[in-house]
Amino acid sequence: MTKFLDPQVITNFREVINSSPIFTHRKKLAEHWNLICAVMDRLEDSVVYLNKFGSTFKHPEYELINFFAFADTVVTAVQALLAKLDDTIYKKAIKGKEKEHWATTAESFIVQHDEKIGRITDDVAERIPADDVFYKYLRSILAAHPFETTKGDRADRTFLEDGEINYSPYVMKNSQVAVNAKSETHLGLAIYSNKFDMSLFFTFPFSALKNYINSRYVLLNYATEWAKKKISDAKSGWKSQKIDRSKSPTEQLKQIIDILERRYMPTHQEIEAIEYLNCDLTDKRNKDAVEKYRAYLVSTISCRCNEIENYENEYSYPTSFDVAMYPRLKIQGNGLDYYRQKVFNELNDGPRNDVVYGRMMAGVFAKDFAKNHVHIDAENMSFTEIKLLTNTAYYLENENQQKGIVSPEILKEVAADEKRKQELEEDRVFEKTGNFGGKKVNWYKHTKHPGITTMEIVDDTSDNQ
């Protein structure tokens with residue numbers, strides 16, 4: 001069944017906003033950020049709520065009031081956002097369609113209202129208000145201000161009398177009205193007025209309300225297009241930025257950093273790359289090995305320049321430069337990668353970094369693996385030199401693995417991992433079926449390893465055994 005409000009409208013807007021940092025970093029755009037976030041979050045919740053309703057209300061007395069509250073969140077959120085982004089968007093979007101949804105209903109109201117006050121006039125058509133005006137009246141009398149709807153500063157309400165005050169004692173239940181041989185749900189309310197004695201019982205088609213709300217909701221697409229235009233304009237300027245390839249690798253990296261900062265993008269890899277290229281080696285035995293890694297790193301800078309100039313790396317990962325900054329191995333055990341993660345995570349300046357543990361892991365890494373390629377003094381070397389040598393060891397090991405040569409320490413660790421995995425599989429006892437990451441999985445406990453729980457992804461049709 002087609003949903004009343006298409007959730008993709010708000011999803012598209014959020015995706016575009018989240019696709020670029022300009023909305024949080026550029027001063028003029030960042031001024032809108034809080035409103036944009038509030039609108040996105042409120043709209044998502046409101047759309048979910050409103051889409052739960054069918055064609056009728058089970059309990060109109062309060063469900064219709066709640067419906068109006070969430071509906072008004074949708075209407076006013078989009079109107080407020082468009083007014084903030086560009087105060088001309090909304091007027092242009094509804095130009096020529098100002099009386100598209102409520103004209104028939106408003107005309108019926110005016111006729112009934114005039115009969116109550118004994119007014120005989122032929123200017124009904126002239127007094128039909130714009131959709132937004134009539135909607136705000138309905139919102140006011142039905143939910144927002146049921147005891148005070150003075151015309152006062154609401155000068156656009158030409159369908160009421162001067163000084164007229166309306167009150168609404170209750171909301172009317174669903175009624176079915178025959179329209180073109182089809183039954184259509186009408187909702188309504190009782191209205192008192194200081195201008196006539198008898199109550200006015202006014203109903204309106206539920207479809208008119210929903211159509212109006214949806215018509216304002218889809219105007220969010222204009223905000224999406226506005227955001228796309230801002231991103232496109234920014235990218236056009238960014239693509240004009242070029243890097244002088246005649247400069248040294250370090251100078252090229254500095255130019256890349258400058259460009260990335262203008263684009264509000266991370267620069268930590270480029271900064272680290274400069275540190276790796278300029279780091280003094282305290283152990284000269286590492287010179288040849290490090291020069292091989294540095295040559296590899298330098299060879300990827302040209303590709304990095306291309307990515308920056310052509311803006312090719314917006315969503316692609318990993319790039320050749322990323323791989324050079326964090327080399328991978330085809331064959332490795334779980335422990336080896338854990339040691340490296342701790343080296344890179346903990347050996348940094350900062351109050352939350354566990355430097356002692358980071359150096360300890362660097363020592364284990366050096367003893368159990370890196371000794372085949374480099375010499376690491378985990379206790380005395382600088383953070384940068386340790387990371388440089390860690391990357392060098394990984395790079396050289398990867399070069400060997402491509403030739404079919406794997407360090408015995410890695411083979412031993414892989415074999416231990418496989419043995420442990422097999423032991424766990426033989427020891428496992430089914431516990432329950434659940435969901436993990438949107439996939440159906442079986443969970444197992446292990447009698448010989450009581451502190452370990454494992455899972456296995458299964459098909460939806462798989463047995464829980």
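Start at 1 with the first residue, then count along the sequence.
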Mark yes when over 12 heavy atoms from residues, nucleotides or ligands other than [X] sit less than 6.0 Å from its [atom1]; otherwise mark no.
X      : atom1 : value
Lys242 : NZ    : yes
Lys445 : NZ    : no
Lys84  : NZ    : no
Asp349 : CG    : no

Going by atom types only, do [X] and [Y] share a side-chain donor-acceptor pair under 3.5 Å?
X      : Y      : answer
Thr319 : Asp322 : yes
Thr224 : Asn12  : no
Glu225 : Asn221 : no
Asp114 : Gln112 : no
Tyr222 : Asp86  : no

If you measure from the Lys or Arg side-chain nitrogens to the Asp or Glu carboxylate oxygens, is any gap between [X] and [Y] under 4.0 Å?
X      : Y      : value
Asp87  : Lys92  : no
Glu309 : Arg245 : yes
Arg119 : Glu161 : yes
Asp197 : Lys116 : no
Glu251 : Lys254 : yes
Asp417 : Lys421 : no
Asp41  : Arg14  : yes

- Message: Determine whether Tyr394 and Leu336 satisfy the following criterion, side chain to side chain contact (heavy atoms under 4.5 Å, CB included), listing intermediate values before the conclusion.
- Response: CA-CA 10 Å; Tyr394 257 78; Leu336 182 62; 3.5 Å; yes
Would you list the atom pairs, donor with acceptor, under 3.5 Å between side chains in residues 24-34 and any protein atom, with sequence neighbours excluded?
| residue | atom | partner | partner atom | Å |
| --- | --- | --- | --- | --- |
| Thr24 | OG1 | Pro21 | O | 3.1 |
| His25 | ND1 | Pro21 | O | 3.0 |
| Arg26 | NE | Tyr264 | OH | 3.4 |

Does any non-hydrogen side-chain atom of [Y] lie less than 4.5 Å from one of [X]?
X      : Y      : answer
Val75  : Tyr217 : no
Asp354 : Met361 : no
Phe109 : Phe204 : no
Arg294 : Tyr276 : no
Asn166 : Leu200 : no
Phe23  : Ile231 : yes
Ile165 : Tyr192 : no
Val133 : Arg157 : yes

[X] and [Y]: which non-hydrogen atoms are nearest, and at how many Å?
X      : Y      : result
Val343 : Gly358 : CG2-O, 4.2 Å
Leu297 : Ala324 : CD1-CB, 3.8 Å
Thr73  : Ser46  : CG2-OG, 3.4 Å
Lys440 : Thr433 : CE-CG2, 3.5 Å
Glu100 : Asp131 : N-OD2, 3.0 Å
Arg263 : Trp238 : NH2-O, 3.1 Å

- Item | side-chain hydrogen bond (donor to acceptor under 3.5 Å, both in side chains) evaluation trace for Tyr90 with Asp132 | CA-CA 12 Å; Tyr90 187 76; Asp132 289 343; 2.7 Å; yes
Check: [Y] main-chain N/O paired with [X] side-chain donor or acceptor under 3.5 Å:
X      : Y      : answer
Asp427 : Leu424 : no
Asn310 : Asn306 : yes
Asn51  : Phe4   : yes
Asn345 : Gln341 : yes
Asn348 : Phe383 : no
Asp123 : Glu126 : no
Ser232 : Lys228 : no
Asn398 : Tyr395 : no
Gln269 : Met325 : no
Gln252 : Lys247 : yes

- Item | Criterion side chain to side chain contact (heavy atoms under 4.5 Å, CB included) on Lys235 and Lys230, from CA distance to verdict | CA-CA 9 Å; Lys235 286 183 178 180; Lys230 295 299 181 182; over 6 Å; no
- Option among Val9, Leu82, Val74 that satisfies the side-chain contact (heavy atoms from CB on, under 4.5 Å) test with Leu220: Val9
- Message: Can you see whether Tyr49 has Lys52 sitting over its ring - NZ or CZ less than 6.0 Å from the centre and within 45° of the normal?
- Response: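 Because its charged atom misses either the 6.0 Å distance or the 45° angle limit, Lys52 does not stack over Tyr49.
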- Can the positive tip of Arg340 be found less than 6.0 Å from the middle of the six-membered ring of Tyr326, inside 45° of the ring normal? yes
- Quick one: do Tyr444 and Met455 satisfy side chain to side chain contact (heavy atoms under 4.5 Å, CB included)? Show the steps, please. CA-CA 6 Å; Tyr444 299 90; Met455 71 175 183; 5.9 Å; no
- Going through the checks in order, is the side chain to side chain contact (heavy atoms under 4.5 Å, CB included) test met by Lys387 and Leu347? CA-CA 8 Å; Lys387 294 177 183 178; Leu347 297 186; 4.2 Å; yes
- Query: Are the ring centres of Phe159 and Tyr137 closer than 6.0 Å?
  - Reply: yes
- Message: Applying side-chain hydrogen bond (donor to acceptor under 3.5 Å, both in side chains) to His113 and Glu164, what does each step give before you reach the verdict?
- Response: CA-CA 11 Å; His113 175 270; Glu164 181 172 357; 2.9 Å; yes
- Carefully, step by step, assess Glu456 and Arg428 under the rule salt bridge (charged side-chain N to carboxylate O under 4.0 Å, His left out). CA-CA 11 Å; Glu456 178 184 43; Arg428 72 182 188 177; 3.5 Å; yes
- Nearest-0.5 Å distance that lies between atom CD in Glu44 and atom CE in Met40: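 Rounded to the nearest 0.5 Å, the CD-CE separation comes to 8.0 Å.
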- Message: Once rounded to the nearest 0.5 Å, what's the spacing between atom OG of Ser168 and atom CZ of Phe202?
- Response: 11.5 Å
- Task: Over 60° means perpendicular and under 30° means parallel, so classify the ring planes of Phe53 and Phe67, tilted if in between.
- Result: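 The arrangement is perpendicular - the two ring planes meet at more than 60°.
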